[in-house]
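In the text below, chain A, chain B and the rest are named by the order of the sequence lines, each starting its count at 1.
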There are 2 protein chains.
Amino acid sequence: MVDRSALASVLQLGFSRATGPRKIVVETVVAWEGHFSAEELCRSLPQVGRATVYRTLASLQEEGVICRLMIDGRAPRYLLGGTQHHHHMVCTQCGAVQDIADCGVDDFVDTVAERFGYELDGHRLEIYGRCSTCVGGEGASS
Amino acid sequence: MVDRSALASVLQLGFSRATGPRKIVVETVVAWEGHFSAEELCRSLPQVGRATVYRTLASLQEEGVICRLMIDGRAPRYLLGGTQHHHHMVCTQCGAVQDIADCGVDDFVDTVAERFGYELDGHRLEIYGRCSTCVGGEGASS
DNA sequence: CACCAATTGAGACTTTATCTCAGGAGTGGT
DNA sequence: ACCACTCCTGAGATAAAGTCTCAATTGGTG
């Protein structure tokens, strides 16, 4: 889904140099299966400084390579693919996250913004539920 | 909007005793204008222990007296009135928050959950923009 | 009023994140 | 290929937010 050949250009991010540490972080992020927290990334890349990991994540988010997902009170989690507008369907049991590509709430959002006299910036929709695996698997082990 | 006469029953929350400190926290929360963070509440109630403030906030949220609002990477903020399902329209400039009472996205949410085979738990929609005051006031001071 | 269990709160601890600044490493010019 | 110049890195200090512990306190009951 993500254009991994664009890696080279992405390495520059908002910076003027394509450095080694950043290469490691970006490659790890791009290869990551599922979502991750900043601390998880730090832990799996002990050879890269925590500050660099956080800086790179911030840039990747700004560039739209990854998007940040807030689940309840937990630390933010990151996912590949933030460029195009989308939403998330989160499994509250196993933590699986599905991208919802089509935004079906634009009209409603427009209406609300107009009603309150707001100049629209954006919106965020997250749907919570239990995925078919978790629903289907329940009771099987008891 | 919130039934403040229900305060007495709310004081019990999930606990078995209506204590003094909890009374202070609940009364402060109910009287609070706008939204607040846990730390702000702690700071304005130095006579109540931090642990008690956090415990009471958690109970109030569970009981639906307040709802938690996550704005970007900042600490969660709390608002009165979480009982009935609703959403928020947040001003990215001044931080004002409007409640959106009617949920216009139920159909879309149902459709998506069905498409992914999820058993629906709930959803969260937040709309970001700049309120009429912030839009209107801009340039006035420059 | 006394008793006892529920609750409190000071402060230690954890987790997550940001900041600082000396040293290291890309990059362009030669 | 090398140098120099500047940007970037990273160890560790600091900050922010929240949880946990346990002795002391207190509300509710008989």
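- When Glu40(A), Glu39(A), Glu126(A) are each tested for a salt bridge (Lys or Arg N to Asp or Glu O under 4.0 Å) with Arg77(A), only one passes: Glu40(A).
- The main-chain N or O of Gly95(A) is found under 3.5 Å from a side-chain atom of His35(A) such that the two form a donor-acceptor pair.
- Residue Phe36(B) contributes atom CZ, which lies 12 Å from atom P of dG18(D) at whole-angstrom precision.
- A donor and an acceptor atom never sit less than 3.5 Å apart when one is taken from the side chain of Arg55(B) and the other from the base of dG18(D).
- A salt bridge links Arg130(A) with Glu119(B): at least one charged nitrogen is closer than 4.0 Å to a carboxylate oxygen.
- Between Arg43(B) atom CZ and dG18(D) atom C1' there is a gap of 13 Å when expressed in whole angstrom units.
- The nearest whole Å value for the distance from the CD1 atom in Ile24(B) to the C1' atom in dG9(C) is 13 Å.
- For the pair Ala51(B) and Pro76(A), nearest-nucleotide mapping onto DNA chain C gives the more 5' position to Ala51(B).
- Out of dG18(D), dC19(C), dG9(C), the shortest distance to the side chain of Ala38(B) is found at dG18(D).
- Summarising the geometry, the separation between CZ on Arg74(B) and C1' on dG18(D) is reported as 17 Å, rounded to the nearest angstrom.
- When the nucleotides dG10(D), dT8(C), dG18(D) are ranked by their closest atom to the side chain of Pro21(A), dG10(D) comes out on top.
- Residue Glu40(A) is classed as having no contact, given no heavy-atom separation below 4.0 Å to the nucleic acid.
- If Gly49(A) and Arg50(B) are placed on DNA chain D by their nearest nucleotide, the residue sitting closer to the 5' end is Gly49(A).
- Remark: P of dT9(D) and CG of Leu57(A) are 13 Å apart, rounded to the nearest angstrom.
- As a whole-Å value, the separation of Glu39(A) CD from dT15(C) C1' is 7 Å.
- Between Leu41(A) atom CG and dG10(D) atom P there is a gap of 13 Å when expressed in whole angstrom units.
- A heavy-atom distance below 4.5 Å is not found between the side chains of Cys131(A) and Gln93(A).
- Rounded to whole angstrom, the span from the CZ atom of Arg77(A) across to the C1' atom of dT15(C) amounts to 14 Å.
- Within the structure, every side-chain polar atom (N or O) of Thr19(A) is placed at least 4.0 Å from both OP1 and OP2 of dC7(D).
- In terms of phosphate contacts, Tyr54(B) brings no side-chain nitrogen or oxygen within less than 4.0 Å of OP1 or OP2 of dT19(D).
- For the pair His87(B) (side chain) and Leu125(B) (backbone), a donor-acceptor distance under 3.5 Å is present.
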